[in-house]
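Side chains included, hydrogens not; waters and symmetry mates left out as well; all remaining heavy atoms used. Lettering follows sequence order; numbering is per chain, from 1.
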Amino acid sequence: MNSSNPRRLVDEILRRNARNPALAWRLFKHLLSSPSAPAPSPSSIFSLSRALAHARLLPELDHLHHLLLNLPPSAAPRCLTALSLASSMAGILDHALSQLHSLRAHFPSHAPPIRLYNSLLGWSLKANRSDLVEALYKDMLLARVSPDTYTFNLLMSSLCDSGRLDEARLLFDRMTVKSCQPNEFSFGILIRGYCKAGFSLRAVELLDVMERVGCLPNLVIYNTLISGFCREGRIGEAKSLVERMRKEGLFPNVVTFNARISALCKTGKVLEAYRIFRDMQNDELGLPRPNQITFNLILDGFCNGGMVDEARALVESMKESGFFAQLENYNIWLSGLVKNGRLLEARMLLEDMVRKGLKPNLYSYNIVIDGLCKEGMIFGAESVISLMRNNGISSDTVTYSTLLHGYCTQGKAYGASKILHEMVSNGCFPNSFTCNILLQSLWKEGRISEAEILLQKMNEKGYGLDIVSCNIVIDGLCENGKLDKAMEIVEGMWQHGSAALGELGNAFLVLVDDVNDSKKCLPDLITYSTLISGLCNAGRLDEAKKKFVEMTGKNIAPDSVIYDTFIHAFCKHGKMSSAFKVLRDMEKKGCKPSTRTYNLLIWGLGSKQQFNEIQNVTNEMQEKGIPLDVITYNNLIRSLCDGEMARKAASLLEEMSKNGIMPNITSFSLLIKAFSKSSDFDAAQAIFHGALTTCGQKEVLYSLMCNEFSMNGKLLEAKELLQIAFERGFSIERFPYKHLVDELCKEQRVDDAQSLLNSMINKGYLFDPAAFMPVIDALGKKGNKHEADKLSEQMMDMATYHDKSKFLTSHTQHSEMKPRRIKSKQDTSLESDWRNLLLRDDGSGIAMKVLKRVQKGWGQGSIPSPWPQNIDPFDVWESTG
DNA sequence: TTAGGGTTAG
């Protein structure tokens with residue numbers, strides 16, 4: 001160590017202990033406290049503070065800041081600069097800013113280097129702190145520091161990220177006339193901006209500009225453009241770019257290949273992507289080797305294409321070759337499992353990750369939470385949230401929005417508003433996704449004026465109304481029969497973008513006319529799909545066809561969903577030849593018919609009893625390799641049953657099992673109904689038992705069979721099934737217990753009827769008190785006044801209990817249901833039964849007694865409004881400021 | 001230390 005120069009000594013010690021910042025810091029303090037200590041060099045301060053910042057030793061950084069302020073004025077500014085730069089580079093934005101602030105306050109004539117400003121600008125932009133960006137930019141000008149190319153590049157990149165392409169372009173154009181010339185990064189950033197916004201054609205024009213200014217495009221720029229074209233499906237353009245780059249001596253690398261593979265997977269051409277992937281693995285072909293990302297793309301492709309087994313095999317091979325170790329691999333696999341309904345496995349994988357010490361991140365949890373919510377398993381989702389909280393990760397806006405969506409789709413309004421409040425009180429603010437979820441929920445509930453208030457709030461808070469919001473409103477209008485309004489808005493969107501919603505009556509929306517064309521939200525495939533489906537449902541087929549022509553004229557390519565919509569509509573109206581014309585047209589246009597397409601056709605033919613044609617269609621499916629599914633078979637079963645060929649229909653069950661297709665509850669139900677209709681109860685019962693074996697002991701199967709027996713006078717058999725239902729704890733809502741009690745009484749079997757009632761009471765069921773009446777009547781007629789009174793009392797108890805638990809129909813029923821549905825279903829049935837009771841005049845007086853209870857309880861608006869009265873679904877925005 | 005390919009919600 002050279003100790004002849006004390007300043008070198010300081011530097012040396014600091015350098016040697018750079019890896020132990022705490023020790024370096026102590027040594028530094030010690031040396032600096034010596035009276036003969038020389039001033040440290042800026043580079044040593046940079047190394048020290050970089051180490052302190054990296055180790056997040058924040059109090060030490062503050063202390064250092066303080067010490068540096070006391071250095072002689074010849075050394076202090078440069079050392080402070082070094083400190084601030086190191087803090088800034090480590091991303092400790094607030095420290096770096098306060099250090100810059102002291103520098104500027106104490107040494108106003110010292111101009112900080114542009115590099116410091118650039119670094120601070122970069123972090124401020126990343127943190128979305130436009131206030132800081134502005135302040136820094138002003139301070140730069142005050143310090144007479146000129147922005148350089150790097151500064152402009154940062155600003156452009158940020159503008160592009162927030163979709164402000166035109167402003168980014170303006171900045172870019174100003175660069176060419178200013179002292180700072182655009183470099184390859186400037187071009188790269190702008191090109192990326194155009195490509196990300198879907199304007200690859202505008203991006204590629206910049207290649208010519210580059211040529212003019214003598215700036216050579218590099219591999220990154222070519223890859224940006226190629227992936228942009230691939231994303232837009234412009235494969236021809238992508239290919240010619242590859243040729244152009246080869247001519248310039250640049251060769252496609254793994255990124256280029258990944259862009260192609262990604263595009264193929266996104267358009268469902270997984271097998272083609274897989275072929276390329278295999279070629280990349282083949283040493284002889286000299287292609288770039290697949291990397292981590294290539295594997296992820298193929299894995300995701302398999303998962304999205306429903307090829308779970310292939311995906312699983314790939315995961316195994318990735319594990320073997322060490323390509324399955326990063327969190328991202330796990331997250332892709334998690335999302336694949338969820339998308340393919342393997343929720344249990346996904347949940348287990350998540351816990352496995354925790355056990356293995358591979359910390360799942362917010363993405364991992366959100367993926368599983370979303371899957372559970374989509375399957376209606378909100379409790380499961382809530383439990384994953386606790387798991388996540390226990391592992392130190394807090395919910396974000398995505399988590400809350402996902403949960404909100406779960407509650408909304410199940411009509412659980414109270415849960416939804418609870419989530420909204422929880423999210424805001426935890427500092428997560430609703431974004432446009434959240435708003436769209438709410439918007440859809442409100443429209444679905446028919447609460448249009450509230451939806452309009454929400455649109456207004458979204459607008460005030462600056463959440464742009466995007467194409468999703470527009471599509472939600474258009475869907476809502478179609479569902480509510482306001483098709484003309486919907487069409488008017490779509491037309492207006494071509495001119496004014498989302499501002500066309502203003503025609504809904506919201507004058508304020510006129511103010512948000514999308515100013516720049518690049519951001520305007522124009523009708524898309526979903527818009528037309530929604531509109532066309534609305535028109536078809538309303539029987540306005542000619543207008544639907546016109547809209548179809550309009551969309552293709554606007555270069556929106558129809559997908560199989562739209563074709564299916566037309567096929568469905570034609571089938572519904574019995575226009576089978578038109579339906580087949582659509583099928584041929586879609587094939588001609590290169591849109592592959594799906595199993596669903598054929599199922600619709602079979603359904604249409606089935607309702608016209610055209611069995612030969614059905615046969616032709618199923619043959620065609622087999623020839624074209626389009627798999628039949630359970631719905632296909634159910635359609636076949638339905639049409640045969642309708643044609644009173646139940647036996648032939650039943651034989652299809654065998655064919656299904658031969659083809660590896662499991663019949664479902666619908667398959668069996670159709671057959672049970674058909675055999676019951678023809679009074680072939682032995683066959684019906686055989687199917688019923690087969691169904692129980694295949695589908696499990698399902699309540700719907702029991703209730704169906706019980707209803708069939710009961711309707712056809714098979715009272716004993718029906719009663720037996722009802723008894724089983726009691727034992728199994730099923731909800732009896734769908735069982736014909738009232739009818740059965742009534743019929744038993746009519747057949748003078750009051751004892752059987754009474755025993756049924758007693759079983760229901762003993763099992764704790766809460767049921768329609770009207771079921772008591774036939775028995776009370778019968779007992780009264782028989783002169784058994786004592787028993788009749790006893791039952792009357794029990795009926796009164798049931799009525800009281802009914803008052804207390806407004807919605808419960810049985811002890812097994814799950815709590816929350818869609819409030820509106822409950823109202824229409826339950827109230828009307830109870831009310832009508834009670835009205836019938838009250839109209840009776842048998843002098844028993846019971847009816848009047850009961851009436852009083854009815855007036856106190858049921859039918860009196862005891863149904864809670866979908867949103868709890870005391871909570872305004874919109875007030876959460878007020879606290880967001 | 002600013003530009004390319006992979007993971008979450010409507």
Side-chain angles (χ1 to χ4, degrees), chain A residues 88-89 115 118-119 121-122 125-126 148-158 160-161 183-196 203 206 217-228 230-231 252-263 265-266 288 290-301 303 326-336 338-339 360-371 373-374 396-406 408-409 430-441 463 466-469 471-472 526:
Chain A
S88 163
M89 283 168 68
R115 179 146 161 62
N118 282 341
S119 172
L121 278 172
L125 287 167
K126 247 187 217 135
D148 63 1
T149 301
Y150 189 103
T151 321
F152 273 76
N153 287 351
L154 282 176
L155 295 172
M156 269 189 347
S157 175
S158 167
C160 286
D161 282 344
N183 59 12
E184 52 182 349
F185 285 98
S186 323
F187 280 100
I189 290 165
L190 196 59
I191 286 174
R192 170 181 171 269
Y194 281 132
C195 288
K196 282 260 152 92
L206 284 167
N218 57 24
L219 190 55
V220 174
I221 288 186
Y222 272 112
N223 280 339
T224 311
L225 285 164
I226 290 166
S227 89
C230 284
R231 260 198 306 268
N253 65 357
V254 65
V255 178
T256 327
F257 275 79
N258 286 345
R260 174 93 179 107
I261 287 179
S262 166
C265 288
K266 290 233 164 70
N291 65 6
Q292 187 78 246
I293 291 177
T294 326
F295 276 98
N296 284 345
L297 285 166
I298 298 289
L299 177 59
D300 196 40
C303 292
Q326 291 180 5
L327 197 51
E328 271 154 344
N329 308 128
Y330 277 89
N331 286 347
I332 291 168
W333 183 218
L334 269 178
S335 126
V338 163
K339 274 179 219 151
N361 63 6
L362 194 55
Y363 268 47
S364 329
Y365 290 107
N366 282 344
I367 290 165
V368 179
I369 291 167
D370 176 48
C373 284
K374 288 234 168 78
D396 70 344
T397 299
V398 175
T399 322
Y400 284 116
S401 300
T402 305
L403 214 51
L404 182 72
H405 188 221
C408 284
T409 40
N431 61 13
S432 61
F433 268 75
T434 328
C435 293
N436 283 336
I437 291 166
L438 283 173
L439 189 64
Q440 184 169 43
S441 172
Y463 302 129
D466 57 14
I467 186 63
V468 178
S469 330
N471 288 342
I472 289 168
I526 306 293

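Here the C1' atom of nucleotide B:dG5 and the CD1 atom of A:I298 are 12 Å apart, to the nearest Å. Rounding to whole angstrom units, CG of residue A:N361 and C1' of B:dG6 are separated by 13 Å. Rounded to whole Å, the distance from CZ on A:R231 to C1' on B:dG5 is 9 Å. In this structure, A:L125 atom CG and B:dT1 atom P are separated by 14 Å, rounded to whole Å. Remark: C1' of B:dT8 and NE2 of A:H405 are 14 Å apart, rounded to the nearest angstrom. For the pair A:I189 CD1 and B:dT1 C1', the computed distance is 12 Å after rounding to whole Å. Atom CG in A:N258 sits about 15 Å away from atom C1' in B:dT7, given to the nearest Å. For the pair A:N329 CG and B:dG5 P, the computed distance is 18 Å after rounding to whole Å.
In this structure, A:S401 reaches the bases: a heavy-atom distance under 4.0 Å links it to at least one base atom across the strands shown. Counting any heavy atom pair closer than 4.0 Å across all strands shown, A:K126 reaches no nucleic acid atom. Nucleic acid contact class of A:M156 (heavy atoms, under 4.0 Å, all strands): none. In this structure, A:I437 reaches the sugar-phosphate backbone alone: every heavy-atom distance under 4.0 Å involves primed, P, OP1 or OP2 atoms, never a base. The residue A:L219 sits close to a base: some heavy atom pair falls under 4.0 Å. Within the 4.0 angstrom heavy-atom criterion, no nucleotide atom of any strand lies near A:R260. Contacts of A:V254 with the nucleic acid, taken as non-hydrogen atoms under 4.0 Å apart, include base atoms. Contact annotation for A:D396: no contact, since no heavy-atom pair falls under 4.0 Å across all strands. Base contact: A:E328 has a heavy atom under 4.0 Å from a base atom. Within the 4.0 angstrom heavy-atom criterion, base atoms lie near A:D466.
Remark: A:F187 pairs with A:F172 by the ring-ring contact (aromatic ring centres under 6.0 Å, His included) rule, at least two apart or across chains. Under the salt bridge (Lys or Arg N to Asp or Glu O under 4.0 Å) criterion, A:K374 pairs with A:D370, not counting sequence neighbours.
Remark: ring of A:F185 overlaps the six-membered base ring of B:dT2 in a stacked fashion, centroids less than 5.5 Å apart, planes less than 30° apart.
A donor and an acceptor atom, one from each side chain of A:T399 and A:D396, are located under 3.5 Å apart.
The side chain to side chain contact (heavy atoms under 4.5 Å, CB included) with A:I472 is formed by just one residue from the set A:L438, A:L439, A:I526; it is A:L439.
Counting heavy atoms from C-beta on, the side chains of A:H405 and A:C373 never come closer than 4.5 Å. The closest side-chain heavy-atom distance from A:N153 to A:N183 is below 4.5 Å.
Here the side chain of A:D370 is nearest to one of B:dG6, B:dT8, B:dT1, namely B:dT8. Residue A:M89 has its side chain nearest to B:dT1 when only B:dA9, B:dT7, B:dT1 are considered. In the set B:dT1, B:dG6, B:dT8, the nucleotide with an atom closest to the side chain of A:N366 is B:dT8. Among B:dG5, B:dG6, B:dT2, the nucleotide with an atom closest to any side-chain atom of A:Y150 is B:dT2. Of the candidate nucleotides B:dA9, B:dT8, B:dT2, B:dA9 has the atom lying nearest to any side-chain atom of A:F433. Picking from B:dT7, B:dT1, B:dG5 the nucleotide with the shortest atom distance to the side chain of A:S227 gives B:dG5. The side chain of A:V255 has B:dG5 as its nearest neighbour among B:dA9, B:dG5, B:dG6.
Checking the phosphate oxygens (OP1, OP2) of B:dG6, a side-chain nitrogen or oxygen of A:S262 falls inside 4.0 Å. At B:dG5, none of the side-chain N or O atoms of A:K266 fall inside 4.0 Å of OP1 or OP2 (strictly under the cut-off). Between A:K196 and B:dG5 there is a side-chain N or O to OP1 or OP2 distance below 4.0 Å.
With hydrogens and angles ignored, a donor-acceptor pair closer than 3.5 Å exists between the side chain of A:N291 and the base of B:dG5. Side-chain to base pairing of A:N153 with B:dA3: no donor and acceptor N or O lie closer than 3.5 Å to each other.
Between the side chain of A:T294 and the backbone N or O of A:N291, at least one donor-acceptor pair lies under 3.5 Å.
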